[in-house]
Amino acid sequence: MSEAGYTSEAEVDSRAACGSTQAAGASSVRARAVEALDSVVIRFVGDSGDGMQLTGSEFSKAVAKAGHGFATHPDYPSEIRAPTGTLFGVSGYQIQYGARQVFTSGDAPDALVAMNPAALKTNLADVKHGGIIIANTGAFADTNLAKAGYTSNPLEDGSLDGYRLFRIDISALTAAALRDSGLSKKEVGRCKNYFALGLMLCLYGRPIDDEIADIYEKFAKKPEFADANVNALRAGFAYADAAEIFAATYQVREAAAKPGIYRSITGNHAAALGFVAASESSGVGLFLGSYPITPATDILHELSALKHFNVTTYQAEDEIAGICSTIGAAYGGALGLTTTSGPGMALKTEAMGLAVMLELPLVIVNVQRGGPSTGLPTKIEQSDLLQAIYGRNGECPIPVIAARSPADCFDCAIEAFRIAVKYMTPVILLTDGGIANAAEPWRIPDVASLPKVEVSYRTDPEGFQPYARDENLARAWVRPGTPGMEHRVGGLEKDFLTGNISHDPLNHQRMVDVRAAKVAGTAQDIPPTTVEGPASGDLLVIGWGSTYGTIAQAREKAEADGRSVAHVHLRHLNPLPPDLGDLLARYKTVLVPELNMGQLSKLLRERYLCDVVPLNKVQGKPFKVSEIHDRILELS
């Protein structure tokens, strides 16, 4: 049978029967070539009910356990439950893993698993020419083809001749493997993602024993579902092991990782752990007041499961209540945290101004998404930078930092609280949907090496003035009920020392100036800017947030081409690093890639009168390495 051969019904039954009984990890029944790879990009795509996110995340776990470097990109449909088989209901999960550090989920898939025609239609343009396409023929019925806009079946009309096409009736194979399971037809259909997972684990040389154990743990309360999913997984593995259509399997070379204990982690999970670490370091309880919103909700989910670490979570009735409860918690002496995404950030702005006026420490997390308004709620964008820096009424400065990767969210969460309590100010932490839901390996740090979050409350009433300041221009943090230290808080302007309401013009000028100076003073804690590449030269690429991996890989590629190019990635965005101006002046050209229309470019031009070159993209998709690499070649 050729690589693109069709699987007959007889073959379906016989192979499924074999798959349901063959032991996990059994050796192949025939000689087969094993192709060694330095890296590979795989994308799973299907209907939003096909379980592609689970399939991708489980494949990622298998890769992580093998010690590979990897990066993922989950791609959710914006519709909560789009009609089955439609183009806008396609859900995808892409992973790149390899034998060295992996910066991105990859530009183009080497292998695409398409569970229906809509998935193929929306993703085919991304697949490498000559790449593998595994198509679930069971879903390519006339009705589904019509929903996807096909006038003929692409599996049969020759339109896929430039790819290595494998036609596999995953639906029928799964049904045959589970014919004696006692599950309904609908329940059986929901197991086909595990068949696809088993197939791909076999093709890429990964065992399934750990996955079987995970399934039994995941479905411990529903053993009939556990058995069905395990049988589907084994059937997929056995099919790939025995089917003659596969001339080779693939083995990614082993990675040389820095010694330590690693785990796979998403940005939202890393942020949650970072906030708990800040709480444990400071000895102060953590309070989260939040309203669920995509893609920030998982921080609430993660922290609600960590209440044994002196964490209190409050799911508020709306965004305003979320931040106002956090302000109350901060006034009471807790580490106050609120999480949201773009539209929710807009609703919180008045209360952020109140927190600035009260000069209380709290952290506001904005997991950015496509906008404006509801926009693209499940897609990646970096379009809230100017909102974070300027988006409040009055002169209302707030420090702003941004995480660059899923694992970096842990460090940034600690940094945000360290700044907040040291300077008695709200701090905005920017992440985005790309890193919030994506996963990468994280080397679990030694707790003793983590930055300290030092908290002190004033308890001595002698000479107490509520707005008297220390060397950092921070006022004292006083918990309510402390004897002799009663004081007023509120949104009206405060007297420079007493905190009483003041409408004096000169006092207002003085308070505005000191609040601005306090935020500007946080720059003293920003370390010297790290430059990847030459310290001066023809071209500097400067970025922030989740563009880090793409820029880093594009710079390495350009350097291998003989180009002189450097890369600076900013964590601190307000204030900007003190040495940034001098650094920018050392390069002839400055390129600024952003997933917006040029917001950091505006800030750099405004601050340093630097004629930067913007590279902007707002498509709900991350940059491809090739897009930044090609622009580097044009400019250098």
In sequence, state the C-alpha distance, the side-chain angles, and the governing distance for Tyr163 and Leu112, and then conclude on side chain to side chain contact (heavy atoms under 4.5 Å, CB included). CA-CA 10 Å; Tyr163 305 92; Leu112 176 74; over 6 Å; no
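- In this structure a side-chain-to-backbone donor-acceptor pair under 3.5 Å is missing from Asn229 to Cys191.
- Of the options Tyr194, Phe237, Phe59, a side chain to side chain contact (heavy atoms under 4.5 Å, CB included) to Glu211 is made by Tyr194 and by none of the others.
- Exactly one residue among Thr55, Thr174, Asp50 makes a side-chain hydrogen bond (donor to acceptor under 3.5 Å, both in side chains) with Lys192. That residue is Asp50.
- In this structure a side-chain-to-backbone donor-acceptor pair under 3.5 Å is present from Asp169 to Gly138.
- Applying the side-chain hydrogen bond (donor to acceptor under 3.5 Å, both in side chains) criterion to Lys61, with sequence neighbours excluded, gives Glu58.
- With rounding to the nearest 0.5 angstrom, the OG1 atom of Thr84 is 8.5 Å from the CG atom of Asn144.
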Please walk me through it: do Gln53 and Ser91 pass side chain to side chain donor-acceptor pair (under 3.5 Å)? CA-CA 7 Å; Gln53 301 301 323; Ser91 178; 2.8 Å; yes
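- When side chains are defined from C-beta on, Thr547 counts as touching His569, because their heavy atoms get closer than 4.5 Å.
- Within a 6.0 Å radius of CZ in Arg190, no more than 12 heavy atoms belonging to other residues, nucleotides or ligands are found.
- Sorted by first and then second residue, the ring pair (Phe, Tyr, Trp, His ring centres under 6.0 Å) pairs involving residues 125-151 (not counting sequence neighbours) form an empty list.
- Side-chain N or O atoms of Asn596 include one that pairs as donor or acceptor with a backbone N or O of Gln382 at under 3.5 Å.
- A pairwise comparison of heavy atoms in Glu594 and Leu600 identifies OE1-N, 2.7 Å as the closest pair.
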Could you walk me through whether Ile168 and Leu199 satisfy the side chain to side chain contact (heavy atoms under 4.5 Å, CB included) test, starting with their C-alpha distance in whole Å, then the side-chain angles of each, then the deciding distance to 0.1 Å, before giving a yes or no? CA-CA 11 Å; Ile168 303 173; Leu199 187 151; 3.7 Å; yes
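- With sequence neighbours left out, the side-chain hydrogen bond (donor to acceptor under 3.5 Å, both in side chains) criterion links Ser184 to Glu187.
- In this structure Tyr76 satisfies the ring-ring contact (aromatic ring centres under 6.0 Å, His included) test with no other residue, sequence neighbours excluded.
- Without hydrogens or angle criteria, Gln251 side chain to Tyr204 main chain gives no donor-acceptor distance under 3.5 Å.
- Residues passing the side-chain hydrogen bond (donor to acceptor under 3.5 Å, both in side chains) test with Thr313: none are found, sequence neighbours excluded.
- Legend: residues meeting side-chain hydrogen bond (donor to acceptor under 3.5 Å, both in side chains) with Thr339, ordered by chain and number and at least two apart, are Ser290.
- Here the side chain of Asn366 pairs no donor or acceptor atom with the backbone of Leu430 at under 3.5 angstrom.
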From CA spacing to verdict: side chain to side chain donor-acceptor pair (under 3.5 Å), Lys348, Thr338: CA-CA 10 Å; Lys348 293 181 188 292; Thr338 188; 2.9 Å; yes
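- In this pair, Phe195 and Tyr239 present their aromatic rings tilted. The plane angle is within the 30 to 60° band.
- By the salt bridge (Lys or Arg N to Asp or Glu O under 4.0 Å) test, Arg43 is found to be paired with Asp126, residues two or more places apart in sequence or in another chain being considered.
- Put simply, the side chain of Ser159 never gets that close to the backbone of Leu155: no donor and acceptor are under 3.5 Å apart.
- Screening residues 214-226 for side chain to side chain donor-acceptor pair (under 3.5 Å), with sequence neighbours left out, gives Lys65-Asp214, Tyr216-Asp227.
- Between atom CD1 of residue Ile551 and atom CD1 of residue Ile628 there is a gap of 5.0 Å, rounded to the nearest 0.5 Å.
- With sequence neighbours left out, the side chain to side chain contact (heavy atoms under 4.5 Å, CB included) criterion links Cys412 to Ile401, Ala403, Asp408, Leu429, Arg571.
- Contact detail for Pro441 and Phe70: the closest heavy-atom pair is CD-O, 3.2 Å.
- Legend: residues meeting salt bridge (Lys or Arg N to Asp or Glu O under 4.0 Å) with Asp47, ordered by chain and number and at least two apart, are Arg81.
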Please walk me through it: do Asp110 and Ile42 pass side chain to side chain contact (heavy atoms under 4.5 Å, CB included)? CA-CA 6 Å; Asp110 298 290; Ile42 299 171; 6.0 Å; no
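- Atom OH of Tyr291 sits in a sparse spot, with 12 or fewer heavy atoms from other residues, nucleotides or ligands closer than 6.0 Å.
- A search for salt bridge (Lys or Arg N to Asp or Glu O under 4.0 Å) contacts involving Glu381 returns nothing, not counting sequence neighbours.
- Although no hydrogens or angles enter the test, the distance criterion places a donor-acceptor pair under 3.5 Å between the side chain of Gln94 and the main chain of Ser105.
- Using a 30° and 60° split on the angle between ring planes, Phe410 and Trp442 fall in the tilted class, from 30° to 60°.
- Under the 3.5 Å distance criterion, the side-chain polar atoms of Ser60 are matched with a main-chain donor or acceptor of Gly56.
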Mind running side chain to side chain contact (heavy atoms under 4.5 Å, CB included) on Trp544 and Leu385 for me, showing each step along the way? CA-CA 10 Å; Trp544 66 280; Leu385 176 57; 3.7 Å; yes
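- Under the 3.5 Å distance criterion, the side-chain polar atoms of Lys379 are left unmatched by any main-chain donor or acceptor of Gln619.
- Residues Asn437 and Thr266 have side chains that never bring a donor and an acceptor to within less than 3.5 angstrom of each other.
- When the salt bridge (Lys or Arg N to Asp or Glu O under 4.0 Å) test is applied to Asp384, no partner is found at least two apart in sequence or on another chain.
- With hydrogens and angles ignored, the 3.5 Å screen pairs a side-chain donor or acceptor of Ser341 with a backbone N or O of Val367.
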